[in-house]
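Step one of this worksheet: look at the structure below.
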Amino acid sequence: MMAAILPVAGQAHFFKVVGPIPAIEKHEKEINDFFAAVRVGEDGKPKWQLPAGWSEEGGNPMRLATLKLPADGKPLEIAV
């Protein structure tokens, strides 16, 4: 697992990557670059630009969004 926390005005948005450790390690730089580029919108929610090949699914009551990035076998999933 790999995670990042984005604090915003007394709240925090959590980004959690789950998947096999070798797959996360292989994409570590790409994931860290993505985390570094996340910004806060005027609405106080995180905003991002997906890297090429990544996809986004809608959220649910516990998630703002689910991001997926291709990896060998099963895609890695980032819960926001």
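In this structure, I78 belongs to a hydrophobic cluster whose other members, linked by side-chain heavy atoms under 4.5 Å apart, are M2, L6, V8, F15, V17, I24, I31, F34, F35, V38, V40, W48, L50, W54, L64, L67, L69, L76, V80.
In terms of heavy atoms, A23 sits closest to A71 at CB-CB, 4.3 Å. Across all non-hydrogen atoms, the minimal contact from G44 to H13 is O-NE2, 3.3 Å.
The closest donor-acceptor contact from the side chain of H27 to the backbone of P22 lies at 3.5 Å or more, if one exists at all.
A salt bridge does not link E42 to K47: none of the charged side-chain nitrogens sits closer than 4.0 Å to a carboxylate oxygen.
Residues N32 and K29 form no side-chain contact, since every pair of their non-hydrogen atoms from C-beta on lies 4.5 Å or further apart.
In the displayed structure, D72 atom CG is contacted under 6.0 Å by at most 12 heavy atoms of other residues, nucleotides or ligands.
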Salt bridge (charged side-chain N to carboxylate O under 4.0 Å, His left out) evaluation trace for E77 with R63: CA-CA 12 Å; E77 184 176 289; R63 289 186 184 186; 3.0 Å; yes
